[in-house]
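Comments concern the structure below.
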Amino acid sequence: MNTRDRLIVGLDIPTVAEAEKMVATLGDTVSFYKVGYQLAFAGGLEFARDLVKDGKQVFLDMKLLDIDNTVAKGVENIVKMGVTMLTLHAYPKAMRAAVDAARGSDLCLLAVTVLTSMDEADLTDAGYEYDPHTLVLRRAEQALAAGMGGIVCSAEESAAVRRIVGPKMAVVTPGIRPAGSDAGDQKRVMTPADALSAGSSHLVVGRPIVKAPDPKAAAQAILAEMASVL
């Protein structure tokens, strides 16, 4: 896997037209894009299919969670889209249903452990008895047992997660912020170099690139930092 394949640019952009413009601006510098809720509900699913046709990799960030049959049927259709990665919440039954539905395909299923915008107080408010680190590790163990392709977690937990899941599973970390950049609504953040050194395999970077005055230069700088530790 080359450095470019490890950087996933989050297209957290309001319209497909703006997303198309961003992809054109980034050109061959970026080969992997995340399509999440904001863009998906503005025509982004068809846009994701177009990205695949254009030879780009797509991380479809849908965070699926529902009854087993609904998750399975959704995954079956997502497999047909040709995207590279798909997220679902790391609930054991949902993960097992998704793994069965994706069996035989190249789709990498990612288990979302604890959102990087959440801290211990947020988890308490949501009714969880665990702190973020403990819950992430518990869900990593469950994802490994379910046969998932990877984990989504904060870079703060990536080293501990890597020890659990071994060298082959993807460890995808959002909340990546180059040194000196604004953390925004993220509470557990890390620089690109530190995240890779800690065991992350893929980095999701949105606003530091798409909101930069020169997005292509911002992406190139992050790739250069990543290459320095790979």
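- At least one cation-pi condition fails for Arg96 and Tyr91: the charged atom is not both under 6.0 angstrom from the six-membered ring centre and inside a 45 degree cone around its axis.
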Query raised in the report: Hey, mind stepping through Leu135 and Tyr128 against side chain to side chain contact (heavy atoms under 4.5 Å, CB included) and telling me if it holds?
Result: CA-CA 9 Å; Leu135 183 56; Tyr128 290 99; 3.9 Å; yes
Requested in this report: Could you check Ile164 against Leu137 for side chain to side chain contact (heavy atoms under 4.5 Å, CB included), going step by step and ending with a plain yes or no?
Outcome: CA-CA 8 Å; Ile164 290 171; Leu137 300 191; 3.8 Å; yes
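- In this structure, the side chain of Thr87 engages the main chain of Met62 through a donor-acceptor pair within 3.5 Å.
- Annotation: side chain of Leu107 is in contact with side chain of Val75 (closest heavy-atom distance under 4.5 Å).
- A 6.0 Å sphere centred on CZ of Arg4 holds more than 12 heavy atoms belonging to other residues, nucleotides or ligands.
- Here the side chains of Val114 and Ser154 are not in contact, with every heavy-atom distance at 4.5 Å or above.
- A donor-acceptor pair is defined here as one N or O able to donate and one able to accept, closer than 3.5 Å; no such pair exists between the side chain of Ser200 and the backbone of His202.
- In this structure, the side chain of Arg162 engages the main chain of Gly166 through a donor-acceptor pair within 3.5 Å.
- Open room surrounds CG on Asp106; 12 or fewer heavy atoms of other groups in view lie less than 6.0 Å from it.
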Requested in this report: Test Leu123 against Asp131 for side chain to side chain contact (heavy atoms under 4.5 Å, CB included), laying out the working first.
Outcome: CA-CA 7 Å; Leu123 289 180; Asp131 62 87; 5.8 Å; no
Query raised in the report: Run the side chain to side chain contact (heavy atoms under 4.5 Å, CB included) check on Thr191 and Ile176 step by step: do they pass?
Result: CA-CA 6 Å; Thr191 66; Ile176 301 299; over 6 Å; no
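- Here the OG1 atom belonging to Thr15 is positioned 9.5 Å from the CZ atom belonging to Phe47, to the nearest 0.5 angstrom.
- Looking at Thr3, its side chain never comes within 3.5 Å of a backbone N or O of Met226 through a donor-acceptor pair.
- Proximity of Glu120 to Pro132: side-chain heavy atoms (C-beta onward) are separated by under 4.5 Å at one or more points.
- Counting only distance, with no hydrogens or angles, the side chain of Thr70 and the backbone of Asp66 share no donor-acceptor pair below 3.5 Å.
- The distance from atom CG of Leu11 to atom OH of Tyr33, rounded to the nearest 0.5 Å, is 6.5 Å.
- Counting only N and O atoms by type, the side chains of Ser228 and Glu225 include no donor and acceptor under 3.5 Å apart.
- Of the charged side-chain nitrogens involved, at least one lies within less than 4.0 Å of a carboxylate oxygen, so that Lys73 and Glu76 count as a salt-bridged pair.
- Residue Ile209 holds its CD1 atom at 9.5 Å from OG1 of Thr29, rounded to the nearest 0.5 Å.
- Rounding to the nearest 0.5 Å places CE of Met81 at 9.5 Å from CG of Leu51.
- At a threshold of 4.0 Å, the pair Lys63-Asp61 counts as salt-bridged, since one of the basic side-chain nitrogens sits closer than that to a carboxylate oxygen.
- Between Val205 and Val9 there is no side-chain heavy-atom pair separated by less than 4.5 Å.
- Contact annotation: the side chain of Leu26 approaches that of Pro215 to within less than 4.5 Å [non-hydrogen atoms, C-beta and beyond].
- Of the possible polar contacts, none joining the Ser197 side chain to the Asp194 backbone as a donor-acceptor pair under 3.5 Å is found.
- Under the 4.5 Å side-chain criterion, counting only non-hydrogen atoms from C-beta, Leu65 is not in contact with Leu88.
- In this structure, CG in Leu86 is found 9.5 Å from SG in Cys108, a value given to the nearest 0.5 Å.
- By the 6.0 Å contact criterion, CG on Asn77 is enclosed, its count of non-hydrogen atoms from other residues, nucleotides or ligands being greater than 12.
- No side-chain heavy atom of Ile151 sits under 4.5 Å from any side-chain heavy atom of Leu110.
- Two residues are said to be in side-chain contact when any heavy atoms from C-beta on lie closer than 4.5 Å; Arg177 and Pro208 meet this criterion.
- Remark: the backbone N or O of Thr84 is not paired with any side-chain donor or acceptor of Gln57 at under 3.5 angstrom.
- Comment: Arg49 engages Glu46 in a salt bridge, judged by a side-chain N to carboxylate O separation of less than 4.0 angstrom.
- A salt bridge links Lys34 to Asp12: at least one charged side-chain nitrogen sits closer than 4.0 Å to a carboxylate oxygen.
- Considering every non-hydrogen atom in both Ser31 and Asp5, the closest pair reads OG-OD1, 3.5 Å.
- Listed here is the closest heavy atom pair of Ala48 and Val58: O-CG2, 3.8 Å.
- A donor-acceptor pair under 3.5 Å links the side-chain atoms of Thr113 to the main chain of Val152, judged by distance alone.
- Ser158 and Thr173 make their closest contact through CB-CG2, 4.2 Å (heavy atoms, listed as atom of the first residue, atom of the second, distance).
- Rounded to the nearest 0.5 angstrom, Leu196 CG and Met190 CE are separated by 10.5 Å.
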